[in-house]
J.: 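Here it is, the structure, as structure tokens.
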Number of protein chains: 2
Amino acid sequence: MRKRRATLKDVAELVGVHVSTVSRALNPETRHLITASIAQKIAAASRALDYRPNSAAYSLRTNRTRIIGVVVPDITNSIFPPIIRGVEDALAEHGYATLVINTDGRTEREATVIEALASRGVDGLVVASVERDDHTVRQLAAFGTAIVTVNRRIDDLSISSVTNDEEDGVRMMLTHLASLGHKNIVSLAGSQNFSTGQRRQTAFLDHAGKVGISTDPSLTVFSNGFNENAGERCMEEVLARRTDFTAVLCANDRLAIGAIAALRRGGLLCPTDISVTGFNDMAMVDRIDPPLTTIRIQQHRVGYAAAELLYEQMRDRTRTHAPRHVIMPVELVVRGSTAPPPRTSAAAAGPRARVRV
Amino acid sequence: MRKRRATLKDVAELVGVHVSTVSRALNPETRHLITASIAQKIAAASRALDYRPNSAAYSLRTNRTRIIGVVVPDITNSIFPPIIRGVEDALAEHGYATLVINTDGRTEREATVIEALASRGVDGLVVASVERDDHTVRQLAAFGTAIVTVNRRIDDLSISSVTNDEEDGVRMMLTHLASLGHKNIVSLAGSQNFSTGQRRQTAFLDHAGKVGISTDPSLTVFSNGFNENAGERCMEEVLARRTDFTAVLCANDRLAIGAIAALRRGGLLCPTDISVTGFNDMAMVDRIDPPLTTIRIQQHRVGYAAAELLYEQMRDRTRTHAPRHVIMPVELVVRGSTAPPPRTSAAAAGPRARVRV
DNA sequence: AAATTTTTTGCAATCGATTGCACCCTATCG
DNA sequence: CGATAGGGTGCAATCGATTGCAAAAAATTT
């Protein structure tokens, strides 16, 4: 028994004018073409009938859907929801809705899901899943699609992005660890296919020298995943290699959580034996054991800013927009997972560290 | 420079048939009307031109968008993303996309955002934000909208829902606490405006008697929020009232986390002095300090099941569907936040418990 | 072989809004 | 007072697909 929604025609008939007049009267851009008194009547009638524009008809005619797509690796990874909210909050103001899609970190799937979004006719894309050399994204941009990457970016900077100041984050963290007295620091680096992983590792190497920290390659381990399991495996790998380090700088919080677990299983306590640091300041890392020292990124703002860049592009689709790159400042948050190195370094503890390799 | 997408007309011209023929050939439901060989040619041409149906045109004509709306209180609350993924996974199979909207727990906003979804023409709604007496949702259902509530439900059961077995969860938890030797247990109950809060509290009272646990009203405190801050405040309130309890059964994990923090500030350690339990088994509660004993709900499956119910409703909008209510089984997960009560009960510890009121 | 049925295809209306163009009416000017 | 300008409105095409109905073609029956 669903009642039919009122259409422009219904409003037109009620007022006694043509639909085109109603259309113009209801559109703020064209309202000035209509006699004020008639426009008022139309507004009243439209309210009386509870008229809502049919978005399918609008889209068909104008070729705009007022929907944007957001592509993330996985919405259950708690780093992303705040970013998504940032995007939504920025674009809701302009009447856009947001379609979120997960790639589950599978590169092939990115192409598929983006294609699905495109066929739904989204007006633009915010991509959080982008790889440093992302073919799909570059192709879309070349094709004229409004697109912005967030949190990560592509190498050639041809596509607008909003990212965090990874370099500054790593610098602050290294400075913090150095000031505590750490000399041998493991870099548990993230996948180098992502700008985050790559920039953080580069920053590590760049800055380590300056503060007198070893950059010996055997102190770096690369993870391909960005999650706890990957963190555990990498940490075990390092422990099997050497044990003369006193801190682990992880490319993100989840790796850090995994690393702490692996250390614990190996008989090493954080922060007593080994300090561990994260990156991102995900929700809840202040409540874990030990509370994580990490770099806080402005998750909501990053999303918001990305949406603003996107909006600029969508507003005028004819012009080619020079890519813009926003880098958001980050903040060091010191908690319980970092402490001065033990008097007798972990190396001296020898056997203990070898319990499990 | 964006290239125009191919339309039915383009395909028709390439093959040399009428658009209606192409339309029928491409639709599995009507393909049997078309000569097989022609259908083949059409399929080939459509592939060659990379034809994608224009969803605006489809929607306009059929009055279906193949989009469903999911209304949640807040996507950054990590209980919801897995549910959302469940919904998405179930409906993606049928070609639906999912528009997620946050109400931020504000009842007025629910009406607004649902209205926004409706005007976008969503084919159905999954509502996770529903209150026990939700006017908006009931009205929509009466209006003929396909709608299912998830995680929560409305009192009169007139609307299909997928929820968890709250009663069984509380029963298992109480049994667990009783078997450890707890007698005086605080119920840190959630808002009674939600079915979750209400059912869990009712189950607490129902079952407490049976296992010899006090149901004195002064052992219950009601929270209005469902988050850590609310948990802290409520816990403080209880501590000010009495201290002769040895366990706190919280209506959800976030309240439990807040409760633990408040106890700690009050000089009481969990689980040594007081055991604390949660509900939901949110991500990360296994990593916090102490790891939380809680009830695991099948977040993904709950979402998936809700989507399946919704799909049934959407498949045939003419029929009125009798509401169905699915209750998913839950599981007790014992971790570090529960232990036997101390020999000398917290009450004996007297002053310590009163450090902060 | 004619008549009838069945299958296959095309025609054209339709969904609801936007928008270039033409028209009409009023106001202004010569 | 007639011509002209210009503001306000209506007309009708259009976006791309779906679908009831009619027509054409093929198959079947008499």
Side-chain angles (χ1 to χ4, degrees), chain A residues 2-43 45-46 49-67 95 118-121 123 317, chain B residues 2-43 45-46 49-67 95 118-121 123 317:
Chain A
R2 82 180 43 235
K3 208 166 35 184
R4 201 175 55 82
R5 266 208 173 294
T7 69
L8 275 192
K9 203 169 147 205
D10 299 322
V11 179
E13 277 164 11
L14 184 59
V15 181
V17 295
H18 194 261
V19 290
S20 60
T21 308
V22 179
S23 173
R24 290 190 257 255
L26 259 28
N27 182 341
E29 311 264 297
T30 49
R31 180 153 32 243
H32 66 276
L33 297 170
I34 307 298
T35 312
S37 66
I38 298 200
Q40 301 239 320
K41 268 192 232 162
I42 290 176
S46 130
L49 296 177
D50 189 31
Y51 167 76
R52 311 279 158 154
N54 178 308
S55 54
Y58 171 87
S59 296
L60 179 56
R61 185 59 230 255
T62 63
N63 207 27
R64 306 184 140 220
T65 53
R66 286 187 176 131
I67 295 180
S119 86
R120 276 227 142 67
D123 292 344
R317 295 200 290 189
Chain B
R2 79 183 44 229
K3 206 165 35 187
R4 200 175 56 82
R5 267 211 172 291
T7 70
L8 275 192
K9 201 168 148 205
D10 300 323
V11 179
E13 275 164 12
L14 183 59
V15 180
V17 295
H18 195 262
V19 290
S20 60
T21 308
V22 178
S23 172
R24 288 190 260 257
L26 259 28
N27 181 342
E29 310 264 297
T30 49
R31 178 151 36 243
H32 66 276
L33 296 170
I34 305 299
T35 312
S37 66
I38 297 201
Q40 302 238 321
K41 267 192 233 162
I42 290 177
S46 131
L49 296 178
D50 189 31
Y51 167 76
R52 311 278 159 156
N54 179 309
S55 53
Y58 172 87
S59 297
L60 180 57
R61 185 60 230 256
T62 63
N63 207 27
R64 306 184 140 221
T65 52
R66 285 186 176 134
I67 295 180
S119 86
R120 276 230 143 68
D123 292 344
R317 296 200 288 188

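Scope of the values below: all heavy atoms of this structure, side chains included, with no hydrogens, waters or symmetry mates. Note that this is a predicted model, so its numbers are computed, not measured.
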J.: At a cut-off of 3.5 Å, list every protein nitrogen or oxygen paired with a nitrogen or oxygen from nucleotides 12-16 of chain C, distance to 0.1 Å.
T.:
unit_1, atom_1, unit_2, atom_2, d
C/dT14, O2, B/R61, NH1, 3.1
C/dG16, N2, A/A57, O, 3.4

J.: Determine yes or no for a side-chain-to-main-chain donor-acceptor pair under 3.5 angstrom, with A/S59 supplying the side chain and B/A56 the backbone.
T.: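 Judged by distance alone, no pair lies under 3.5 Å.
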J.: According to salt bridge (charged side-chain N to carboxylate O under 4.0 Å, His left out), who are the partners of A/D10, at least two apart in sequence or on a separate chain?
T.: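 Scan of A/D10 (salt bridge (charged side-chain N to carboxylate O under 4.0 Å, His left out), adjacent residues dropped) gives A/R4.
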J.: Residues in side-chain hydrogen bond (donor to acceptor under 3.5 Å, both in side chains) with B/T65, at least two apart?
T.: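 Only B/D123 meet the side-chain hydrogen bond (donor to acceptor under 3.5 Å, both in side chains) criterion with B/T65.
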J.: Dump the pairs, protein N or O against N or O of nucleotides 24-27 of chain C, anything under 3.5 Å, distances to one decimal.
T.:
none

J.: Once you apply a heavy-atom cut-off of 4.0 Å, does B/S23 come out as touching a base, just sugar-phosphate, or nothing?
T.: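 The answer is base, as B/S23 lies within the cut-off (heavy atoms under 4.0 Å) of a base atom.
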J.: What's the CD1-C1' distance between A/I42 and D/dT9, to the nearest Å?
T.: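 Distance check: A/I42 CD1 to D/dT9 C1' gives 10 Å.
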J.: Of all the heavy-atom pairs spanning B/R120 and A/G95, show the shortest one and how long it is.
T.: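 That closest heavy-atom pairing would be NH2-O, 3.4 Å.
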J.: Between side-chain atoms of residues 33-43 of chain A and protein atoms elsewhere (two or more places apart, or another chain), which donor-acceptor pairs fall under 3.5 Å?
T.:
none

J.: Show me the pairs that pass salt bridge (Lys or Arg N to Asp or Glu O under 4.0 Å) and involve residues 17-38 of chain A, at least two apart or across chains.
T.: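 Qualifying pairs, neighbours excluded: none.
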J.: Starting at CG of B/N27 and ending at C1' of D/dT19, how long is that distance when rounded to a whole Å?
T.: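 Checked: the CG to C1' distance equals 11 Å.
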J.: Whole angstrom is fine here: how far is it from CZ in A/R24 over to P in D/dG10?
T.: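 So the CZ-P distance, A/R24 to D/dG10, works out to 9 Å.
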J.: Roughly, in whole Å, what's the span from CG in A/N63 to P in D/dA17?
T.: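 Value for this atom pair: 12 Å.
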J.: Nearest-Å distance, CG (A/L26) to P (C/dA17)?
T.: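 Going from CG in A/L26 over to P in C/dA17 covers 10 Å.
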J.: Considering residues at least two apart in sequence or located in another chain, which fulfil the salt bridge (charged side-chain N to carboxylate O under 4.0 Å, His left out) criterion with B/R52?
T.: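 Once residues adjacent in sequence are excluded, the partners of B/R52 under the salt bridge (charged side-chain N to carboxylate O under 4.0 Å, His left out) criterion are A/E115, B/D50.
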J.: Rounded to whole Å, please give me the gap between NE2 in B/H32 and C1' in C/dT9.
T.: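 For the pair B/H32 NE2 and C/dT9 C1', the rounded distance is 14 Å.
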J.: Distance check: side-chain N/O of B/T35 vs OP1/OP2 of C/dT9, anything under 4.0 Å?
T.: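 Answer yes for this pair, as a side-chain N or O of B/T35 is under 4.0 Å from OP1 or OP2.
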J.: Atom CZ of A/R64 to atom P of C/dA17: distance rounded to whole Å?
T.: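 That distance rounds to 19 Å.
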J.: Can you name the closest pair of heavy atoms from B/S23 and B/T30 and give their distance?
T.: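 It is O-OG1, 4.4 Å.
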J.: What residues form a side-chain hydrogen bond (donor to acceptor under 3.5 Å, both in side chains) with A/R66, not counting sequence neighbours?
T.: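 Partners of A/R66 by the side-chain hydrogen bond (donor to acceptor under 3.5 Å, both in side chains) criterion, ordered by chain and then number, come out as A/Y58.
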J.: Rounded to whole Å, please give me the gap between CG in B/L49 and C1' in D/dA17.
T.: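 After rounding, the reported distance stands at 16 Å.
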